[in-house]
Amino acid sequence: MPERAAVIDLAAVRDNVRHLVELAAPAAVMAVVKADAYGHGALPVARAALEAGAGWLGVAHISEALPLRAAGIDAPLLAWLHTVDSDFSAAVAANIDLGCSGWELPHIVAAAQLLNTTARIHLKIDTGLGRNGSTPADWQEFVRLARQAELAGAVRVVGIFSHLAVADEPARPETDEQLAVFMRAVAQAEAAGLRPAQRHIANSAGVLSRADTHFDLVRPGLAIYGLSPFADRTSKSLGLRPAMTLRTVVSVCKDVPAGQGVSYGLTYHTAGPTTLGLIPLGYADGIPRIATGGPVRVNGVTYPVVGRIAMDQMVIDLGRAALVAAGASMIGAEAILFGPGDDGEASADEWAVAAGTINYEVVTRISSRVPRVYRNAVPT
Ligand SMILES: *Cc1c(COP(=O)(O)O)cnc(C)c1O
């Protein structure tokens, strides 16, 4: 085991995907593996998700899709966030489905004509999130142009999609409004002669809380990794298991007197004689600097981080009792920041609270300095 590691349990990924496949059926599941699978590693997660029954993969950028194809993954694969500098030709040549909000259409048509092939596209309608996607006002003209390109053989409109803004708060009415706009957009597309087989709008929160968002295909990201998109629901209550455990070992363990200042700024001073443990993870590893107080589990006890989190390291105050219980020293003892909770360790949610952010960001920002170690790569 590397001295510092994000351990990824691929059996958990497979179980989570199986659960989502069951929930979504008869809709198919697109496993969202953008941002290196939210820090879990795109290729191993993509393989595990496909083994467990996901029929599709989704990423933001073409530059994230191409390496999956290069690694031999031939499942349907959608990339939806482009710029004028995106390599549409490489995407079309690699049979990558492309999200299209409007301006991309001529670029995609040109790439398809150059390659003498037909590009697969999914038209995106902005149903209220205010980011990507055609506005409802522009939609009529957009579907007309898309149908024209389809008749010319340059594209095939495989899908129509949108993205939900508040699905993590299931009671909010805006999701109903988004669904109404979505269904009108689909009807308009069909009236223009398009026959999109894949209508999709659900993220993890939609898959888990509202069957009326499922349509033909759902796009869960966070839930695949076993985390809850809801502020008031745990992974376990949703039938999910967190896949990432962030662990290291205590690097230094030493006795200090009362009044010892700890870390930059000396914002913490020991209340009495105690023992400090040094944890070799910091903001260069993706631990938010602001997350003082975040939980670290050592020898079955959870200690809050004291003082400032630095680039490479952070400190926990072990107290004297823990040291006596452990014998001479805790140097080398395993230190777990978060995991599935099997050994009483905290979850990414608790680090999210300490950092004033969401669990998505906690796992996604774990940096490349932390090696990923895979467990259960082979299905059992
Ligand atoms: C990131 C993303 C998803 C997945 O969202 P989760 O909340 O992680 O399930 C789905 N669709 C689009 C367009 C996204 O950008």
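Counting convention: from 1, in listed order, for ligands and their atoms alike. Throughout, residue positions are numbered sequentially from 1 according to the sequence presented.
Every side chain to side chain donor-acceptor pair (under 3.5 Å) that Arg120 has, sequence neighbours left out, goes to Asp97. Every residue two or more places apart in sequence or in another chain that forms a side chain to side chain contact (heavy atoms under 4.5 Å, CB included) with Glu350 is listed here: Pro295, Ala346, Ser347.
Atom 10 (C) of ligand 1 has as its closest protein heavy atom Arg219 O, 3.4 Å. Atom 15 (O) of ligand 1 has its closest protein heavy atom at Lys34 NZ, 2.7 Å.
Below 30°, between 30° and 60°, or above 60°: for Phe88 and Trp103 the angle between ring planes is above 60°, a perpendicular geometry.
Ligand 1 places these atoms under 4.0 Å from at least one heavy atom of Leu222: 6 (P), 8 (O), 9 (O). Counting atoms of ligand 1 from 1 in the listed order, those under 4.0 Å from a heavy atom of Ser204 are 6 (P), 9 (O). Close approach to Gly221 involves these atoms of ligand 1, each under 4.0 Å from a residue heavy atom: 4 (C), 6 (P), 8 (O), 9 (O).
Under a 4.0 Å heavy-atom criterion, Pro220 is in contact with ligand 1. Residue contacts with ligand 1 include Tyr38, since one of its heavy atoms falls under 4.0 Å from the ligand.
Counting heavy atoms of neighbouring residues, nucleotides and ligands inside a 6.0 Å radius, atom CD1 of Ile290 does not exceed 12 of them.
By the 3.5 Å distance cut-off applied to N or O atoms, Lys124 is not counted among the residues near ligand 1.
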